[in-house]
Amino acid sequence: MEDLEKLRFNIRHSAAHIMAEAVMNIFPGTKIGIGPPTSDGFYYDFDCPKQLSKDDFKDIEREMKKIIKSKRKFTGEVVSRDDAIKRFYGQEYKLEIIKGIPKNEKLTIWSHESWEDICKGGHVDSTNKIKAFKLLDVAGAYWKGDEKNKMLQRVYGTAWESKEEQKKYLEKLELAAKRDHRKLGVSLDLFYFDEFSPAMPFFLPKGTFIMNELTNYMREKYKKYGYQEVITPQIFSSKLWDLSGHSSHFQENMFFTENDENKMGIKPMNCPSHYLLFRSRLHSYKDLPIRYADFGRLHRNERSGVSHGLTRVKSFSQDDSHIFCTKDQIEAEILSFLNLLQEVYEDFGFEKPTFYLSLRPENRTGNDDMWDHSESVMKSILEKSGMEFSIQDGEGAFYGPKIDITVPDALEREWQLGTVQLDFFASEKFGLNYINKDGDKENVVLIHRAIFGSLERFFGILIEHFGGSFPFWLSPDQFSLIPVSENHFEHCKNIENKLVSKGLRGKADLSNDRFNNKIRKAQQMKIPLMIIIGDKEVENNSLTIRLRNGKNLNDIKNESLIQVFEENSKINNDDGLKAVLEEI
RNA sequence: GCCCACAUAGCUCAGUGGUAGAGCACGUUCUUGGUAAGAACGAGGUCACCAGUUCAACUCUGGUUGUGGGCUCCA
């Protein structure tokens, strides 16, 4: 397995070199940036006199094929700095890379006879080991990833050890695209976007149902874990944002409005309003920890070009909560939170979230002692919880270290959902304190935390995770009653009334479509239960149920079905549902 | 914000310098049917918006807005 991974790495790395040669051959004067392998392919950055487009891919691919077929050997050599500078004369980006390599490190150049690159190595021995490749996309990318630098043209491609593997990969991409929540959002009538309110989702009744169900689900968890829900305003005087630091740090991401002479800011986060709530009353150490939860709507004026379906929007809500506690309570609070978080992710079937511990950034508040302490607290908590995590240096919030949890979407783009952040800054700034045992005022420790992150984003990821086939309890329509002929309309209507009166969601399909088409429509809407009613069912007072996976359950009694639903309001998947129904 | 691409009916998409088409969906009628599309007819579009070129622009040019793929930033 490791060998295969290495082979693929080498193939893709080599393909990047070959693509760079091809581009330079076709478009003389091209300057090259960097060209690494990625998890499924490779890219190379070019400063090319021609504006590249997908129309150029054919030519580039043809040139690459020529190079691959000529079976050129990859070889590496250690070179002196002067030699390297000479050999990359005119290639300003390469020269910058050479300059950036520490003096005590060896410089290596890898060549495949007709072309060479400054490169650490990791190649196939001959170009013809690349059995399949395809260029996929071209996009802009800043040199060295810095937006102050020139924008280069990045060409993306994929490469494989066999044609079959590449075909499988391309098919996987197609399947993933079908699960894209933006497509399913339209076809399942969940939400839509309108030019009149860019990047702010409108939820249709079905989408609204699911959003509310998610909120209710979280409210139940909150009861169990001792959170108290609060409601706070939408718009605040700019003075609050000056105090919180948002005016200086977050202003370009905020919406503002005027009221008479007063400048008002629409909240992009709940934190400051929770601080105000907390300090509006006197607190004893006996009251702590206090956990305020808030599903309030937030607005962030994102830079254009960053919005993305439901996963990056300008108007959203969070399962946001702020925990006010003492220093001694930090560990227990965070452990309890991580416990809750895993419970939630398990309920939704997210088996492989990734945990990141983000440590002190360059721009930060507080002294090093405080950071040393809080970082080691976070680390030991993670270690205690037994979770695997990776460390991201410099990615922490300016007020404290944090743990971020990400989950991938259908196209394997990682999205951050949950987060837990320690904050030693807010309590000082806002005077958030409590009366300790000695009767003295002491600052609280503040913990910011969320599990879904944004409900909108979570919903989007969830749509893709389930491919639109929501678990029974989350399905906006749980059943569709399908009469075999018009003779069964009446009977269907009766059963619909019974099921609906028991709190189930769905209706009888009394349209004048044919039976087959009714099944097709229910199937397309991914309704969990298609209940078929014909002569047989009317006669036996029973139901035939078709599940959306195509499986059939015969001769189910009406009354027992209703009873089963009542006893199993949360059935998480089709298999569980089937098992339950089969017991009838 | 930056680079590139795209914008035609509710949805998915054809299309041409001489003011528009298909399939699905929708409506009406016919059809009385057993597990993913029965049939006929009908309704529908300032071809995103604003300018320019032209006798004539949905089509060419420029701008604006929005969307998509990335970069940067972030829940």
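Below, each value reflects all heavy atoms present in this structure, side chains not excepted, and no hydrogens, waters or symmetry copies. All chains are named by letter (A, B, ...) in the order of the sequence lines, taking the proteins before the strands, and each is independently numbered beginning at 1.
- Not counting sequence neighbours, the partners of A/R312 by the salt bridge (Lys or Arg N to Asp or Glu O under 4.0 Å) test are A/E302.
- Near RNA chain B, meaning a heavy atom under 4.0 Å away, the residues from residues 298-307 of chain A are A/R300, A/E302, A/R303, A/S304, A/G305, A/V306, A/S307.
- Listed by chain and number, the residues in a ring-ring contact (aromatic ring centres under 6.0 Å, His included) with A/F202 are A/Y192 (sequence neighbours excluded).
- With sequence neighbours excluded, the residues that form a ring-ring contact (aromatic ring centres under 6.0 Å, His included) with A/Y93 are A/W143.
- The C1' atoms of B/A56 and B/G17 are separated by 8 Å, rounded to the nearest whole Å.
- Here A/P198 pairs with nothing under the side chain to side chain contact (heavy atoms under 4.5 Å, CB included) rule; sequence neighbours left out.
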What pairs of nitrogen or oxygen atoms, one from the protein and one from nucleotides 10-15 of chain B, lie under 3.5 Å apart?
none

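- In this view, A/K172 and A/E412 satisfy the salt bridge (Lys or Arg N to Asp or Glu O under 4.0 Å) rule, not counting sequence neighbours.
- Applying the ring-ring contact (aromatic ring centres under 6.0 Å, His included) test to A/W241 and every residue at least two apart in sequence or in another chain returns A/F236, A/H246.
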If the sugar-phosphate is the primed atoms plus P, OP1 and OP2 and the base is the rest, what is the B/S/- string for nucleotides 35-40 of chain B, using protein heavy atoms under 4.0 Å?
-> BBBB--
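- Take A/Y156 and apply the ring-ring contact (aromatic ring centres under 6.0 Å, His included) test, not counting sequence neighbours, and it matches A/Y43.
- For RNA chain B, the residues of residues 189-204 of chain A within the heavy-atom distance limit of 4.0 Å (strictly under) are A/E195, A/P198, A/A199, sorted by number.
- Taking A/Y142 as the reference, A/E147, A/M151 meet the side chain to side chain contact (heavy atoms under 4.5 Å, CB included) condition, with sequence neighbours excluded.
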